[in-house]
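Quick notes on the structure that follows.
Keep in mind that what you see is a predicted model, and the values were worked out from it rather than measured.
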Amino acid sequence: MQLSQQAKGSTTKPRPHSSSPAMEKASTQVESCQRRTLSPICLLVSPRTFQFFFVIGTLILLPAARVHGALSIGATYPLSFVDIDGNKHSTADGHVTVIVLTTPADREKAHTVGDRVPEHCLGNPDYRMITIIRFARRHTVVGQRIANALIRHRMNEEAKRLQARYDGKKIARDARKDIFVATDFDGSVSSQLGEPERATDFRVFVFGRNGELIAQWHGVPSAEQFAAAVK
C-alpha cells in the first residue's frame, strides 16, 4: 500500500514511512484471534474428555432427546475426516464410531459424554470416539495454527494420564495413538453431519462398522442410552 499527500501550490515533501490504519487493524485482529484461541482450547481438552479416546473430543442435561435432523437412523453415511495429526478416518472402515460435535464453549458437555462411555470400549480397537471441535468464528491462518498447536500439546499431556490408566488395566497399547482430534474452522466437517453453516449445536452420533447411523442425540445421552448404542 502507498500513501501520498499533495498540498496546493507546493511540492510534496517525503514523509516517514508508517503503517497504514488497515495494517494496524490487521495486526490487532491477529492479536485478538490469538487471545481468543488460547483459553477455550486449553480448557476444552481435559482428563475426563479422553475416557473413550478413539478419534476424539465430547451436558449435563436431563435425558437427551433424539435428533430428527438431516441424518436418518438406519441410513448409511461413509463420512471421512482428517484429524490434526493428518490421520484419515472414515465412519465406514470397520469400527463402531462415536462422533462428538462440539465447540470450545461446550467443553463440560464433552467431558460428560466421555464420562459415560462404557468401560468395555476403553482401549478396544474396535471402538473409537471422534471429537470434532467446531469454531463458529472465522480464524486467520495464524489463529488456526495456534489452536492446533495448543490442542496437540494438551493431547500429549492427556496421553500420559491415559497411559497410566491403561497400565492399571493391563491394556498394552500406546495411549497417544488412541487420541484423535479434528478441528473444523470452515464448517466443512460439520456439514457432513447435516449441520448448517455457523450452527453451534452440541451433537453426539454413533455409527456402525459400515457407516450406518445407529443413534444421534442433541445433547448428552444417558449412560444406558450410550451403552445400548455401542454394545
Side-chain angles (χ1 to χ4, degrees), residues 26 29-45 49 54-59 61 64-73 75-93 97-114 128-152 154-155 179-207 211-221:
Q29 289 175 336
V30 171
E31 294 176 359
S32 176
C33 174
Q34 293 173 348
R35 289 194 297 270
R36 287 200 307 267
T37 303
L38 294 176
S39 177
I41 294 300
C42 287
L43 293 176
L44 175 64
V45 187
T49 306
F54 300 117
V55 169
I56 312 197
T58 336
L59 127 210
L61 291 178
R66 291 291 178 102
V67 177
H68 301 286
L71 303 191
S72 300
I73 300 295
T76 299
Y77 301 97
L79 311 179
S80 298
F81 306 96
V82 178
D83 64 31
I84 63 174
D85 290 328
N87 301 310
K88 296 180 180 180
H89 306 278
S90 171
T91 56
D93 60 4
T97 302
V98 174
I99 293 180
V100 177
L101 183 61
T102 185
T103 66
D106 282 334
R107 56 188 177 273
E108 290 303 323
K109 299 177 183 180
H111 294 166
T112 303
V113 173
R128 65 183 177 193
M129 188 167 96
I130 304 173
T131 297
I132 299 172
I133 305 175
R134 173 172 47 184
F135 295 84
R137 296 179 179 179
R138 296 293 184 185
H139 283 63
T140 63
V141 173
V142 173
Q144 293 180 27
R145 290 175 179 172
I146 292 173
N148 287 337
L150 288 170
I151 292 173
R152 287 192 184 95
R154 293 299 298 167
M155 290 167 63
I179 298 180
F180 312 87
V181 173
T183 51
D184 187 13
F185 293 102
D186 59 5
S188 60
V189 179
S190 54
S191 65
Q192 294 188 63
L193 298 167
E195 286 295 287
E197 185 178 2
R198 298 296 183 180
T200 58
D201 295 341
F202 182 86
R203 305 283 299 275
V204 179
F205 304 84
V206 178
F207 293 90
E212 67 276 16
L213 182 60
I214 297 174
Q216 60 177 331
W217 298 274
H218 185 107
V220 173

What residues, two or more places apart in sequence or in another chain, satisfy side chain to side chain contact (heavy atoms under 4.5 Å, CB included) together with T76?
P78, E212
From M129 CE over to I179 CD1, what is the distance, rounded to the nearest 0.5 angstrom?
10.5 Å
Straight-line distance of L101 CG to H218 NE2, nearest 0.5 Å
10.5 Å
So, using side chain to side chain donor-acceptor pair (under 3.5 Å) as the criterion, who are the partners of E195 when residues are at least two apart?
R134, R203
Is V100 close to F202 at the side-chain level, that is, under 4.5 Å between some pair of heavy atoms?
yes
Rounded to the nearest 0.5 angstrom, the CD1-CD1 distance for I133 and I151 is 4.0 Å
With D186, which residues qualify under side chain to side chain donor-acceptor pair (under 3.5 Å), at least two apart?
S188
Minimal heavy-atom distance between L213 and V206, with the atoms involved, is CD1-O, 3.5 Å
Run the ring pair (Phe, Tyr, Trp, His ring centres under 6.0 Å) test against F185 and tell me which residues pass, sequence neighbours left out.
F135, H139
Would you find a donor on one side and an acceptor on the other, under 3.5 Å apart, between the side chain of D184 and the backbone of S190?
yes
For D201, all residues meeting side chain to side chain donor-acceptor pair (under 3.5 Å), sequence neighbours excluded:
none
According to salt bridge (charged side-chain N to carboxylate O under 4.0 Å, His left out), who are the partners of R152, at least two apart in sequence or on a separate chain?
D85
Test item: I132 and F205 side chains (from C-beta on) under 4.5 Å apart, heavy atoms:
no
Show the nearest heavy-atom pair for residues L71 and Q192, with the distance to one decimal.
CD2-O, 4.1 Å
Side chains of T112 and E108: closer than 4.5 Å at any heavy-atom pair?
no
Check whether any side-chain N or O of Y77 sits under 3.5 Å from a backbone N or O of S72 as a donor-acceptor pair, and report yes or no.
yes
Does the side chain of H89 come within less than 4.5 Å of T97's, by heavy atoms?
no
In chain order, what residues pass the side chain to side chain contact (heavy atoms under 4.5 Å, CB included) check against T200, with sequence neighbours excluded?
T103, A136
By side chain to side chain donor-acceptor pair (under 3.5 Å), which residues pair with T91, not counting sequence neighbours?
none
